[in-house]
Each structure stands twice: as C-alpha cells, then as structure tokens.
Amino acid sequence: MDTTTGIQHLHAKIDAMGRFLDLDKYIRGEKNSLKQIRSYYRINMWAYRRFHSQDGFMHFRISEDGTFTDKDVYRQPDSISELIGDGDSVLEFGFGQGSNIFYLAHRHPQTTFHGIDLSPMRRKDIPSNVHLYQADYCNLAQFDDCSIDVMYAIETIVHNSDKERIYHEVQRVLKPGGRMVVYDYGLGAPFETYDERIQKAIALLSKGGACAIIESVDELNGHYTRCGLTVESQTDYSANIRPDLKSLERKAAKILERTWLARLMFRTLPDQFVTNIILGYLGYDFSCTDVLTYQKWVLRKPVQ
C-alpha cells in the first residue's frame with residue numbers, strides 16, 4: 001500500500017465511523033493527565049495481555065522479514081542490551097508490567113537497574129538487581145547528577161506534553177557520554193499541516209493511547225538538541241511494525257465494521273477501552289503513509 005492509498009483508507013474509515021459514532025466526543029477534553037494515563041493502563045491491561053503479549057510486553061513487535069512472530073517483541077530490549085555493560089547503572093522510564101526491565105536484569109546480573117512508573121508493581125519475583133519507584137519520570141529528584149549510564153523509554157514519552165522537562169532531567173542525570181534510547185512515534189510533518197480528517201485520525205490515535213497529540217519527528221529532534229543531547233542515531237522502523245499493526249487492525253475491524261456491535265460496545269464500555277479499539281483500527285493504515293512513523297533514537301550526553 002502506498003501513501004496515497006493509506007490516506008484514502010484513513011479518510012474512508014473516519015467518514016464511516018463518523019456516520020454512527022460521535023468521534024468528536026472522544027477527542028474533546030483532557031487527553032493525558034496523570035490520572036488518565038493510570039486509568040488507561042488499568043482499563044486496557046486485560047486487552048494487552050489477551051491480544052498483544054501474554055508475557056506483559058506492551059510495545060509493538062519489530063519484524064525483520066514482514067512475518068509476525070512472538071520473538072519480535074524482544075527486538076527493543078535486545079537493542080538496548082547491546083549498550084549495557086557490567087557495573088552500569090540503567091534507568092527505564094515507564095516499566096509497566098516489568099517485562100523489559102526484568103528481561104534485561106536477568107541478562108545483565110552485574111548491572112543495577114532502576115525503573116519508574118506511575119502505577120505500582122504487583123509482581124513479587126523482582127530480581128535483586130532491580131529497584132522500582134512509583135513516580136512521575138518528569139522529575140528524577142531521587143537520582144544524582146551524572147549518575148546513570150544508560151536510560152531507555154519504549155513507547156512512553158509520547159504520553160507527555162512537556163517533553164523538554166523530561167529531557168532536561170535526562171541530560172542532568174546521565175553521565176557524560178551516557179546514552180538514552182527512545183522508541184516512539186513521530187509525525188512526518190506538524191499536526192497543523194494535515195487535512196481535517198487526518199487531523200481527526202491523529203487526534204483519535206493519540207486519545208486511544210492516552211497520549212498528547214503526537215509531534216513531528218523534526219519537533220522531537222528539536223526537543224533533544226535544545227536540552228543538550230545529541231542524536232547519535234535515528235532509525236525508522238515504521239515498516240517493521242506493520243505485521244503487528246495488521247493483526248490488531250483485523251481484530252478491531254471485527255467490531256468497528258459491524259455497526260450494531262460498535263454502537264453497543266461504545267455505549268457500555270469505558271471510553272478508554274473503546275478508543276483503544278479505534279487506535280488498533282487506524283494504526284496499520286497510518287504505518288503505510290508518511291503521516292506517522294515509528295522511530296528509534298539513540299541520544300547521547302556530550303562529554304564535557
């Protein structure tokens with residue numbers, strides 16, 4: 001599917017859903033307060049386990065050959081593992097179910113791992129080299145200046161509207177020469193440049209993930225550099241997550257392409273659950289356009 005076809009599909013889906021759903025209802029109001037982010041994960045945890053990963057991984061799979069496999073869920077943590085050395089101090093933003101941090105802690109038993117998340121960790125089998133904090137990672141007051149070797153954030157900073165507040169803290173806490181790995185979404189151009197239906201689709205996608213309106217790649221790169229970080233590398237994995245997104249689209253279509261079922265579910269289920277279904281329905285078409293990209297950044301704190 002080319003970009004033009006993908007945009008046509010998005011237009012058609014927005015028009016079709018708009019005939020039987022009040023889409024503006026799901027866009028209006030606060031999108032990503034701390035309370036709403038906590039609520040989003042609490043409400044959708046069952047769906048993540050059922051339809052995404054029974055092992056608690058919450059990010060998209062990066063597939064090498066266009067084939068959906070369970071092993072692809074390890075691509076993000078495996079790439080981060082390559083930057084970690086024995087004796088390092090590592091910090092994860094948004095540890096969620098703990099799947100990434102526990103996986104890496106078992107691979108690097110001589111390394112100390114820290115994790116921050118808004119929600120408490122309910123698992124009991126926490127490795128001895130892992131320390132978890134229930135907090136907002138916009139404020140890293142519990143960490144000294146220049147104290148962390150490697151940080152990483154997988155599909156979480158997109159929730160925040162004040163990203164420079166986060167990256168100023170990253171710059172403060174990283175050791176000189178330390179790295180921050182970010183997997184996240186970025187628009188191909190600023191939100192305001194798109195037509196009305198694509199803007200609505202972006203807003204629904206953002207709302208479906210309890211996110212701030214997704215920013216463009218250039219805007220995100222500007223945040224990094226203004227906060228004193230350099231972009232060591234940037235890799236576009238948009239095509240690689242399409243098999244995962246296609247799987248989710250098929251599941252969402254079973255609901256949204258049955259008008260009676262969609263109306264029933266949207267009347268009876270929490271908004272944050274049903275908007276997540278819309279996210280699944282739109283995500284694959286977005287990935288086939290240049291409107292939305294999935295990127296990996298490796299950021300580095302310069303050595304003074």
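Between Asn129 and Gln110 there is no side-chain heavy-atom pair separated by less than 4.5 Å. Two residues are said to be in side-chain contact when any heavy atoms from C-beta on lie closer than 4.5 Å; Ile214 and Leu205 meet this criterion. Met17 places a side-chain heavy atom less than 4.5 Å from the side chain of Leu23. Here the side chains of Cys138 and Asn160 are in contact, with some heavy-atom distance below 4.5 Å.
Screening Lys296, Arg300, Lys301 for a salt bridge (Lys or Arg N to Asp or Glu O under 4.0 Å) with Glu232, the sole residue that qualifies is Arg300. Of the candidates Leu220, Leu299, Val298, Val231 forms a side chain to side chain contact (heavy atoms under 4.5 Å, CB included) with just one, namely Leu299. Between Lys163 and the options His223, Glu219, Glu215, a side-chain hydrogen bond (donor to acceptor under 3.5 Å, both in side chains) holds for only Glu215.
With Glu169 contributing its side chain and Leu140 its backbone, the two residues share a donor-acceptor pair below 3.5 Å. The backbone N or O of Arg61 sits less than 3.5 Å from a side-chain atom of Asp244, completing a donor-acceptor pair. At least one donor-acceptor pair under 3.5 Å links the side chain of Arg258 to the backbone N or O of Lys254. Proximity of a side-chain donor or acceptor of Asp88 to a complementary backbone N or O of Thr111 within less than 3.5 Å is not detected. Looking at Asp149, its side chain does come within 3.5 Å of a backbone N or O of Ser89 through a donor-acceptor pair. Put simply, the side chain of Thr156 never gets that close to the backbone of Ala153: no donor and acceptor are under 3.5 Å apart. Without hydrogens or angle criteria, Arg242 side chain to Ser287 main chain gives a donor-acceptor distance under 3.5 Å. Although no hydrogens or angles enter the test, the distance criterion places a donor-acceptor pair under 3.5 Å between the side chain of Asp72 and the main chain of Thr69. A donor-acceptor distance shorter than 3.5 angstrom exists from the side chain of His159 to the backbone of Gly209, with no hydrogens or angles considered. Under a 3.5 Å cut-off, the side chain of Thr67 and the backbone N or O of Ser63 do not form any donor-acceptor pair.
By the rule that hydrophobic residues join a cluster once side-chain heavy atoms approach within less than 4.5 Å of another member, Ile278 and Leu264 end up as members of separate clusters. Tyr167 is connected to Ile116 through a chain of hydrophobic side-chain contacts under 4.5 Å among Ile, Leu, Val, Met, Phe, Trp and Tyr, so both are in one cluster. In the hydrophobic clustering of ILVMFWY residues, with side-chain heavy atoms under 4.5 Å counting as a link, Ile157 and Tyr185 come out apart. Clustering ILVMFWY residues whenever any of their side-chain heavy atoms sit less than 4.5 angstrom apart, transitively, puts Ile202 in the very cluster that holds Tyr281. One hydrophobic cluster, built from ILVMFWY side chains closer than 4.5 Å, holds both Tyr237 and Leu245.
Taking the six-membered ring for Trp and the full ring otherwise, the centers of Phe266 and Tyr26 sit less than 6.0 Å from each other. For Tyr133 and Phe143, the distance between ring centers is under 6.0 angstrom.
Separation of atoms CG (Asp184) and NE2 (His59) is listed at 12.5 Å; rounding is to 0.5 Å. For the atom pair CD of Gln199 and CD1 of Ile27, the computed distance is 10.0 Å after rounding to the nearest 0.5 Å.
Taking the side chain to side chain contact (heavy atoms under 4.5 Å, CB included) definition, one finds that Ser238 meets it with Asp236, Thr293, Tyr294, sequence neighbours left out.
Inspection of the Asn221 and Trp297 side chains reveals an N or O donor paired with an N or O acceptor under 3.5 Å. Inspection of the Tyr183 and Glu155 side chains reveals no N or O donor paired with an N or O acceptor under 3.5 Å.
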